[in-house]
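To keep things clear, I will list the structure first and then write my remarks on it.
Chain identifiers are assigned alphabetically (A, B, ...) following the order of the sequence lines, protein sequences preceding nucleic acid strands; residue numbering begins at 1 within each chain. Keep in mind it's a predicted model, so treat the numbers as computed, not measured.
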2 protein chains.
Amino acid sequence: MITVAIAEDHQSLSDGIHLLLEYEEDITLIGHATDGEVLLDLIRKKTPDVILMDIKMPKIDGIVATRLIKKEWPHIHIIAFSMFDQTSAVTQMLDAGVSGYLLKNSPLEEVLNAIRAVVDGKEYFDASINIASLRQDAEQSQKKPLLSKSEREILKLIGQGKTTSEIADIRFTAVSTVEKHRKNMIRKLGLSGKGELLRYALERKYNFE
Amino acid sequence: MITVAIAEDHQSLSDGIHLLLEYEEDITLIGHATDGEVLLDLIRKKTPDVILMDIKMPKIDGIVATRLIKKEWPHIHIIAFSMFDQTSAVTQMLDAGVSGYLLKNSPLEEVLNAIRAVVDGKEYFDASINIASLRQDAEQSQKKPLLSKSEREILKLIGQGKTTSEIADIRFTAVSTVEKHRKNMIRKLGLSGKGELLRYALERKYNFE
DNA sequence: GGAAAAATACCCATTGAGGGGTATTCTTGA
DNA sequence: TCAAGAATACCCCTCAATGGGTATTTTTCC
């Protein structure tokens, strides 16, 4: 018997999976959580074989929750279940230790395939995710992160709506230095035009990077 | 017998509803669509009594689709089914003519209650939506929309990353006119500083306003 | 220890976005 | 029909954000 837990903040979807699993002889749903904290409590009480993990969740998100769980219970198989097929979301979940990645706009039956695959020790990725090329990208980007430490820090502040001079004050550096970092980032990221860096920084926030 | 169609771009959720409805004697699912265009095709072939309508959909979104459908088939009951409980999303769907509004983080059983309520000629709103106060707000804002037509149009283009001169080209107006509209919007919205309007426009995209 | 990469800081320049006006024409609703 | 609000278009001015350089000091890593 395979025991499964669901971490998903949309209860309607969680209920749908519940209905699906009810008619499977070899799978039992042991509980569901609507946020990362509740999930951790749940696991402490009843350790499941498999967790279906949403990325976007209140309190503790799926990426952090996966890291915590794999650290303490490395034998639990975690399958990411997300709306996002962006490279960054997938690589971060891979890095956190998931054994599979499903998309919410795929058929629900995929869930069954994925659960059975991961308890068999295999991995299971949605067909629309090119897992091989992602792994390669991940390796490269580990060695050469596109943006440097200072640059990422400044980008974050830009995303918070800070201006160049405000950022210079915060970081105790000259305005010209911040300007230089901005220009370097624009070059590295292949952007152009005035608002592009702000746009990039803002979109970042919704893109898991 | 109640006939139902689903418009939902996350197939997993749509599959879940399918499972739920399968065991209801008085309800038949006649089809599901993953975008607004497919939905319209579907309705032309088999007219359902009720449509469960997601707001976020490719091609034609739920708001536009609802308007189109209520115009041509006013007897079809439409229930919005969304992740968002923001005022703006709800009021826009109300305005478009929905008879109910469900949230995805509510139990799936709510779907059954809602379907049965709307075929009875009643309305059905998720408990966490304060429908009375929303209706009042909607009345007021109908008389005085904050931004005018041109302003909203320009804001949308700003959100798409267009610069003032590009927007002027697109709209066949002078650059100075677009600048004037920008300034008026900044004043109306109580913004300040250089990137604020872009920031506002970008955040809007995730907030349905 | 020494080279490469990152961080620092400055120079020059252009331009887009805003702040604050005024004025004319077009629409729209009471 | 007539006034209010919207849309159009121009004026002035400032300043932050780029684009494109150079140079020095730290860090980091082989």
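Applying the 3.5 Å distance criterion, the base of D/dT8 shares no donor-acceptor pair with the side chain of B/K180. With hydrogens and angles ignored, no donor-acceptor pair under 3.5 angstrom links the side chain of B/K183 to the base of C/dG18.
Closest contact between the side chain of B/S150 and the listed nucleotides D/dT8, C/dA7, C/dG16 involves D/dT8. Counting only heavy atoms from C-beta on, A/E179 has its side chain closest to D/dT18 among D/dG19, D/dA7, D/dT18. If you check C/dA7, D/dT18, D/dA7 against the side chain of A/E151, the one that comes closest is C/dA7. Of the candidates C/dA7, D/dA7, D/dG19, C/dA7 carries the atom nearest the A/S148 side chain, counting heavy atoms from C-beta on.
A sub-4.0 Å separation between OP1 or OP2 of D/dA9 and a side-chain N or O of B/T177 is present. Contact check, A/R171 against C/dT8: a side-chain N or O comes under 4.0 Å of OP1 or OP2. Put simply, B/R182 has no side-chain N or O that comes within less than 4.0 Å of OP1 or OP2 on C/dG19. For the pair A/T164 and D/dA17, the criterion of a side-chain N or O lying under 4.0 Å from OP1 or OP2 is met.
Nucleic acid contact for B/S165: none, since no nucleic acid atom lies under 4.0 Å from a heavy atom of the residue. Across all strands shown, B/S176 has heavy atoms under 4.0 Å from base atoms, whether or not it also approaches the sugar-phosphate.
Each of B/V175 and A/L198 was matched to the nucleotide of DNA chain D holding its nearest heavy atom; the match closer to the 5' end belongs to B/V175.
When each of A/K162, A/K156, A/E153, A/Q160 is tested with A/I167 by the rule side chain to side chain contact (heavy atoms under 4.5 Å, CB included), just one qualifies, namely A/K162.
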